[in-house]
Amino acid sequence: MLEIEIDGKKLTVPQGSTIMDAAHSVGTYIPHFCYHKKLSIAANCRMCLVEVEKAPKPLPACATPVTDGMRVHTHSDLAVKAQQGVMEFLLINHPLDCPICDQGGECQLQDIAVGYGGGSSRYQEEKRSVPGKDMGPLVSAEEMSRCIHCTRCVRFTEEIGGFQEIGMANRGEFSEILPFLGKTVDSEISGNVIDLCPVGALTSKPFRYSARSWELSRRKSVAPHDGLGSNLIVQVYNHKVMRVLPLENEAINECWLSDRDRFSYEALNSDARLTRPMIKHDGKWHETDWQTALDYVVKGLTGVSAQHGKDAIGVLAGAGATTEELYLLQKLARAFGVNNIDHRLRQRDFAADEGQTGALWLGSTIAEMASANAVLVVGSTQRHEQPLLAARLRQAVKKGAELNLIHVADDELLTRVNAKLIVAPQALADGLAQVLKAVAELKGASANLDLSGVTVYDEARRIAESLVRAETASVVLGSVAQHSPVFSQLLAIGGEIARLSGAHFGVFSEAANSVGAQFVGALPRRGFAGAAVTAGLNAAEMIAAPRKAYVLWGVEPEADCHDGQAAVAAMKAAETVIAFTAFKGDGLLDYADVLLPTAPFTETAGSFVNMEGKLQTFNGVVRPLGETRPGWKVLRVLGNLLSLQGFEQNTVEDVRAEFVGPFGDGAAKLSNAVSGVALDKPAVTGLVRVGEVPMYHVDAIVRRAPSLQATVHAKAPVASANPAVLAAAGLADGELAVVRQGACEVRVPVKADAGLPEGVLRLAAAHPATVGLGGLFDPIELKRG
Amino acid sequence: MAVFANGILFEGVDTSDPNCWKIEAYQARGGYQALKKILTEGISQDDVIAELKTSSLRGRGGAGFPTGLKWSFMPRSFPGDKYVVCNTDEGEPGTFKDRDILRFNPHALIEGMIIAGYAMGAARGYNYIHGEIFAEYERFEEALDEARRAGFLGQNILGSTFSYELFAHHGYGAYICGEETALLESLEGKKGQPRFKPPFPASFGLYGKPTTINNTETFASVPYIITQGGQKFLELGKPNNGGTKLFSVSGHVNRPGNYEIPLGTPFAELLEMAGGMRGGKKLKAVIPGGSSAPVLPGDIMMQCTMDYDSIAKAGSMLGSGAVIVMNEDVCMVRALERLAYFYHEESCGQCTPCREGTGWLYRVIHRILNGEGRPEDLELLDSVGNNMAGRTICALADAAVFPVRSFTKHFRHEFEHLIEHKTPLVNHKWC
């Protein structure tokens, strides 16, 4: 520890601290622009110059390491003069367009200018004018004359995004911040540069010129698109969500936000919203009131159950629903006598269901995973599934962690990978079993699985060595693994690796409330808090053996189910499809009978449980749109209308109280342990589809966010395959091909990708262009178009 | 045209011989004897550095830092790569000495860099050559090939255990890449922008490895010091200012060119060597060390000797040894405007004060020159300069400010006259 003095305050700071760190620790503010705690130190803005005794000139606080006995003055004459001098330089070429600048009111330059700037300028020559740039549909770089060249955006894309997409070209006064010529900024976390930009040079394109920052109220919320549970500040004006910003939470999202969480709000204000209940009569949709609609629902459910029995009803819930909704939904279903309820709509392999005791989760805190010395990620298209976790792992690798992969494609992760196995989806389990066998050999222990048929290849051994030598390690299954035909085997093998190596083992929760949905028992074989229940059908079974009635809670089956084609067929064949939804999707309009407008996360109080098992509550930030009602209220009333017991809650807190008590001990209910799963290599002939869900098609909200849909990530998918696969089909890179699953044929261009294993065809799902196809990891045919 | 006298860098070099740069000619002049001496006699790394310290050789790039001391900073025991880098990014206006070393005596530099590699335990060296002297870059590549073929570079040099590779790299003419950390960035393939120091290159240099960077002339002086001894080199100059130095004399003299003279030679003698003032005009001012050095009035300059200490005492710097001579027909406002434009153009744009300040200085001087000056402008120049100097990562801002300060100090009346009367006091003559 070093003893120093800042403005007369004595303090001790650890070796290696900078003056800026030290000043922060005692609450002394030093003005700065280029410095950011998560980025490398550039020391180029020079705003943080301070006086250090015995130094001949003022020194930048952000970059100057503290030495023992150092005496720093942040407000002495020399320091203030230096700071004022820099401020004057920053302003001479900065346009005086604050009144029309989006950054106005939340601008660091504006704020610091008040403290350090002069009333008028001594610079009377012409100001610099810098042409605007096109950075794509999310980040606006129209007013680059405002740029003060702090290079935070440049450093962000390179250091956090992993790939430099923004740079500073030219020299001196002619320097310009710009993307590569003719390229846009395509990082999945690009929006953070808007927050980082201390001036109005980089602004939010969707938000531009729509409100002034001081008119907006700031309300806390939780991101609904992945299992991370990023904390949000939702900014609201006149009962409309105007934009979304990150709320700093070091344990979860740090100070970042993925573009998906930042820009999805646009859908909430879109015309695609369902604003009044609707009933289909004679093939035509009619708007109606809630009373009529709910009566219709009651009649439908009682009618079907009277005619076909309770088992003829299936309940499919989206895991983006709140815990309160999912809790009441399963309670209502079970009280009514329906056991067919599931939220794992994209899962294909349910063999582990019986031997599973708790909610699948990350297996550690997010911070623990990110600080592990070795991580093995199995079956995850990380940058699309979990953009911020991918960035966090990238940081971990920089700090020395070893990242290992078993995946179905050799994607660019923009980081160093220690060892990787790239295999077809059905071979993921064999890949992980190789690692288990090698771990067992290294540890001199034996696994509780029959590994006799497993041959360990070098790369698997390297992964095992990495896990075994690491002091702390994590093994995590991504969405591809969870949707694959060998998910239960992966759970069993992963658990054994964890047991033998001491690693944490878990899953990247796919949706915002995947953990909460399991916990409250939106599952066919486990009830609330793991309670034993009469077993019902799981999501796949409900589709495979079509029901007479479906209740859809925030689900669009064509895009949200493992086999969209079969799901749609099942919906069409049903007598009634009751959809609780925030959007009037084309699919629902086609096969549903009644649409009930339930609130998205911004219009209802609720909670999500993230992948580390943390329950995060939030309140509605705006009034529900039109006749939209919070889901929990709708379920509560429906419970009453169905004359069921236990639907007397008056507030969301009442609902929450019913599950939050048991949840307080939630850790015990989280478990990735499975039993009774045997290793079995599925026999596959022909091509297998690798059907990931693209980043901006994961749920109903993002699918309707126009700016996200305008990005390169939302483009119509191409079918990529190993060049050998294309050659065998007589296709060349870029040609148009016909792919077929079941009854559906789709014409798509093909792309050669040597990073894919043989025997697979990678074609994204949930996109309008591919939505009619079948199972995500099922056989697929490819032929010349 | 280069003229040399009392040389060690150019000892025996017949610049009129088109083959004078070749390895045969160099060896005929006693070249590569220093390297052979070290490797065959087994002179230790410490002894090489001690000899350099004795010689009192100071960095010839401008800062004048003692070379022996610099080499001793290198963590020789550091496991892993270490680098020796030569700075031939000669971009300072008025300086053209390193170009002549590459042109006429490149093997002296190569030998010096090999010895440096030996002394500091580096296995690899780079010479970063200014982008605007491409012919010299090509010649240096040829010289490197010669040295490789002769076995002075590569594995187990001269049968010893010492192996060393040397490569040339040419920049694209950015002045800032002459700043050593910007040079390293550029050499790494990045945009040439100075790094914040500390850490210094000796601990975190090229690719983050310990690196020593010296000027071309510095390296080229090393073989002489090894063969003749540091003491002899020191005695060529004067205490604390050892050896000879190349001066690039330009401006209003009869014979502009490079002159290698012992440090401590009176300026008057150097001026005489350069043929005296052209057309018998009066000496008005001299910039003694390249464009960044403060200008000195002619009469002060005539009292100075050409060495680091004397010029510093007079209020300027020996810098790179670029002596810009100006006669009585020079309008000092115009001269300063030209210099200010250079720094405005060459600022890398990283630090706020330099990026914004260099342009501001230029614009104010430009408007004074054009008869649009305001009474407060000289004060403004001073104030803007004070906000720039010492406020940035590298010394380019200081370099931009020194001429402004010195021109407006020594020739203030010319600026005041222009501001007041809207016409220059001295009718500038291009000649």
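Here is how names work: the chains are called A, B, and so on, in the same order as the sequence lines, proteins then strands, and each is numbered from 1. Please read all numbers here as calculations on a predicted model, not as lab measurements.
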Legend entry - Pick from A:Ala82, A:Ala42, A:Cys150 with the largest number of heavy-atom pairs that fall under 4.5 Å of chain B: A:Ala82
Legend entry - Pick from A:Gly167, A:Pro56, A:Cys45, A:Pro65 with the largest number of heavy-atom pairs that fall under 4.5 Å of chain B: A:Cys45
Inset, instruction - Count the heavy atoms belonging to other residues, nucleotides or ligands that lie under 6.0 Å from NZ of A:Lys398, then report whether that count exceeds 12. - result: yes
Inset, instruction - Against chain A, label B:Arg367 side chain, backbone, both or neither, depending on which of its atoms sit under 4.5 Å from a heavy atom there. - result: side chain
Legend entry - Inter-residue atom distance B:Gln350.CD - A:Cys34.SG, 0.5 Å rounding: 9.0 Å
Inset, instruction - Would you mind telling me which of A:Lys57, A:Glu173, A:Met47, A:Gln84 has the largest number of heavy-atom pairs within less than 4.5 Å of chain B? - result: A:Glu173
Inset, instruction - Specify the closest pair of heavy atoms between B:Cys351 and A:Ala43, including all atoms of both residues, with the distance to one decimal. - result: SG-O, 4.5 Å
Inset, instruction - Check whether any side-chain heavy atom of A:Leu49 sits under 4.5 Å from a side-chain heavy atom of B:Arg391, and report yes or no. - result: yes
Inset, instruction - For atom CD of B:Glu188, decide whether the heavy atoms of other residues, nucleotides or ligands shown that lie under 6.0 angstrom number more than 12. - result: yes
Inset, instruction - Below 4.5 Å from any heavy atom of chain A, which atoms of B:Ala174 appear? Answer side chain, backbone, both or neither. - result: both
Legend entry - B:Gln193 and A:Met168, any side-chain heavy atoms less than 4.5 Å apart: yes
Legend entry - Atom of B:Gly349, atom of A:Ser175 and distance for their closest heavy-atom approach: CA-OG, 3.8 Å
Legend entry - A:Lys38, NZ: over 12 other non-hydrogen atoms inside 6.0 angstrom: yes
Inset, instruction - Using a strict cut-off of less than 4.0 Å between a Lys/Arg side-chain nitrogen and an Asp/Glu carboxylate oxygen, indicate whether A:Arg122 and B:Glu379 qualify as a salt bridge. - result: no
Legend entry - Side-chain heavy atoms of A:Arg46 within contact of B:Ile393, under 4.5 Å: yes
Inset, instruction - Mark yes when over 12 heavy atoms from residues, nucleotides or ligands other than A:Arg416 sit less than 6.0 Å from its CZ; otherwise mark no. - result: no
Legend entry - Pair A:Gln124-B:Arg363, side-chain donor/acceptor within less than 3.5 Å: no
Legend entry - Neighbour count >12 (heavy atoms, 6.0 Å) for atom CD, A:Glu412: yes
Inset, instruction - Pick whichever of A:Leu59, A:Val86, A:Thr64, A:Leu90 has the most heavy-atom pairs under 4.5 Å with chain B. - result: A:Leu90
Inset, instruction - To the nearest 0.5 Å, tell me how far A:Asn170 CG sits from B:Lys191 NZ. - result: 7.0 Å
Legend entry - Partner chain A: residue of B:Pro198, B:Cys354, B:Ser383, B:Pro194 with the largest heavy-atom pair count (under 4.5 Å): B:Ser383
Inset, instruction - For residues B:Asn387 and A:Phe89, determine if any side-chain heavy atom of one lies less than 4.5 Å from a side-chain heavy atom of the other. - result: yes
Legend entry - Contacting region of A:Pro60 [heavy-atom separation from chain B under 4.5 Å]: side chain
Inset, instruction - Compare all side-chain heavy atoms of B:Thr352 with those of A:Phe33 and state whether any distance is below 4.5 angstrom. - result: no
Inset, instruction - Under 4.5 Å, counting heavy-atom pairs only, tell me which of B:Met388, B:Glu376, B:Arg355 racks up the most with chain A. - result: B:Arg355
Inset, instruction - Flag yes if more than 12 heavy atoms outside A:Lys127 fall under 6.0 Å of its NZ atom; otherwise flag no. - result: yes
Legend entry - Structural part of A:Phe174 lying under 4.5 Å from a heavy atom of chain B: side chain
Inset, instruction - Assess whether atom NZ of B:Lys409 is packed by more than 12 heavy atoms of other residues, nucleotides or ligands within 6.0 Å. - result: no
Legend entry - Worked check of side-chain contact (heavy atoms from CB on, under 4.5 Å) between A:Ile41 and B:Phe196: CA-CA 9 Å; A:Ile41 287 165; B:Phe196 184 80; 5.9 Å; no
Inset, instruction - Determine whether more than 12 heavy atoms belonging to other residues, nucleotides or ligands lie under 6.0 Å from atom OH of B:Tyr172. - result: no
Inset, instruction - Measure the shortest side-chain to side-chain distance between A:Glu125 and B:Tyr362 over non-hydrogen atoms and say whether it is less than 4.5 angstrom. - result: no
